[in-house]
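Just so it is clear, the model here is predicted, and its values are computed rather than measured. Residue numbers start from 1 in every chain, and the chains themselves are labelled A, B, ... in the order their sequence lines are given, proteins ahead of strands.
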Protein chains: 2
Amino acid sequence: MPPPALHSAVLDAVGRAITSGDIVPGTPLTLESIGTQHQVSRTVAREVMRMLEGLGLVRSRRRVGLVVLPMAEWNVLDPRVIRWRLAGPGRDEQLRTLTELRHAVEPLAAAGAARHASAEQRAELVDLADRMRVLGARGDLTEFLALDIRMHELLLRASGNEMFGALAAVVAEVLTGRTHLGLMPAAPVPEALDQHEAVARAVADSDAAAAEAAMSALVGEVRTALDAAGPVGEHR
Amino acid sequence: MPPPALHSAVLDAVGRAITSGDIVPGTPLTLESIGTQHQVSRTVAREVMRMLEGLGLVRSRRRVGLVVLPMAEWNVLDPRVIRWRLAGPGRDEQLRTLTELRHAVEPLAAAGAARHASAEQRAELVDLADRMRVLGARGDLTEFLALDIRMHELLLRASGNEMFGALAAVVAEVLTGRTHLGLMPAAPVPEALDQHEAVARAVADSDAAAAEAAMSALVGEVRTALDAAGPVGEHR
DNA sequence: TCCCGCAATTGGTGTCACCAATGGCTTGCC
DNA sequence: GGCAAGCCATTGGTGACACCAATTGCGGGA
């Protein structure tokens, strides 16, 4: 329903080219080259450039053009950057680091949710866990994914800390990426279902310590599963 | 040395106005109004708008203009947003949530650094801790701040996880904000110096568990100090 | 030969005028 | 009173322009 939006298409193309490594850091681009390359006017190239600058992918310098920045400067927590990088090479490494981040954040967020969640939120969490079990048994991965995302988003947003809430988009990208990349088993393993239910229950019971432990176990499980499934990115 | 850059000044002004709450979510802006308000052409207003859109502060809709989004949509992890919000009302709440985020992330990052840091990085950490002790005793807050930032950035970047590294800018904003807002004691408390040194030592010794514990204690200290210092934002 | 300084070139920065598309709002018909 | 059609404000996109800073390369002097 939103019209294709020209500049966002160009942004996507250039963003992918940079994050995938097709354009090496240090390479200078020009508005002219972007414009002609994507059949687009100078003005929209400028807007795209501003957005890329906001994502930390490039820096604009006079007389020199847009220099592509090294990865250390990238806004690797921005959902767009995550999506691009999950689609390119190094997605295993990407999933590893993101899962580690989840391991740091989500247990504390679950504990926070156990303390601060509203009655409606607690009820929805339990309901979600139940429906996940049903859908998991049926093997409907896309619907399961939607519930999974919803549950983690709910937990992060109910944590009483907007910083955790801001990471909901990150987790959503990770989950969808993991599913679409075929890294999920055909049917969710029973442990995962149990752990989701344990988290929901602990939050519903306002048991912060239990919620934190359950969430920690859940993400830890994901971590070992990732290590077992795709140890492709052997580095050093 | 970078020229003042016109659009970034406008971005700053509008960003501050939104994050401070002067412009309530739902309010429609127009490029025209932004342009005339800041004596700037429509084109640069458009670029500013694109950046604000990237920060999740506004969404642009045809025929309506730019609608200011609710706080839940904001990119609260972006350093610019953090700086703006730390300068406005609600900075206590802001510091609380950011410190909680640090509590989640920095201990794990320290553990990672103990495993992955290079020899140079380990040496610099120990050196930084030593110099912090010297400067702390002398009471030079601004120099101390620089070392503090450097140390935390080093730890996050050496963690072996770029996601943690991306939070270095966030931590830097928190530390500078805390100092410039006068929330630091005239001279750093001895405990803080000890804990920084303990972290540096543990990382140098490749003792991940000790590094994690020391960092957890350090951030925990900050947390209780904040609670004690400024319980202004009594909410519920 | 080497270094310093000056000047030309290049490409971002900012402005302007214009047209296309769209969607909220109003008007008017049924 | 409800619904449909058309108006028009406002963004989306293009092209051309003046301006200025920094890079680069040329030339002259030591």
Pairs in or reaching into residues 147-158 of chain A: which pass side-chain hydrogen bond (donor to acceptor under 3.5 Å, both in side chains), with residues at least two apart or in two chains?
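Found A:Glu106-A:His152, A:Glu124-A:Arg150, A:Asp148-A:His152, A:Asp148-A:His196, A:His152-A:His196, A:Glu153-A:Arg157.
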Can you name the residues that form a side-chain contact (heavy atoms from CB on, under 4.5 Å) with B:Gln121, not counting sequence neighbours?
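So B:Gln121 forms a side-chain contact (heavy atoms from CB on, under 4.5 Å) with B:Ala117, B:Ser118, B:Leu154, B:Ala158.
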Let me have a per-nucleotide readout for nucleotides 4-13 of chain C, 5' to 3', with B, S or -, counting only protein heavy atoms under 4.0 Å.
-----BBSBS
Figure out the CD/P separation between B:Gln39 and C:dT15, and round it to whole Å.
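Value for this atom pair: 10 Å.
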Can you list everything that forms a side-chain hydrogen bond (donor to acceptor under 3.5 Å, both in side chains) with A:Thr30? Sequence neighbours excluded, please.
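side-chain hydrogen bond (donor to acceptor under 3.5 Å, both in side chains) list for A:Thr30, sorted by chain: A:Ser33.
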Without placing hydrogens or testing angles, list every side-chain donor-acceptor pair under 3.5 Å for residues 174-184 of chain B, not counting sequence neighbours.
{"residue": "B:Thr176", "atom": "OG1", "partner": "B:Ala172", "partner atom": "O", "Å": "3.3"}
{"residue": "B:Thr176", "atom": "OG1", "partner": "B:Glu173", "partner atom": "O", "Å": "3.1"}
{"residue": "B:Thr179", "atom": "OG1", "partner": "B:Leu175", "partner atom": "O", "Å": "3.2"}

Under the salt bridge (charged side-chain N to carboxylate O under 4.0 Å, His left out) rule, what pairs show up with a residue in residues 14-41 of chain A, not counting sequence neighbours?
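Sorted pair list: A:Asp12-A:Arg16, A:Glu32-A:Arg42.
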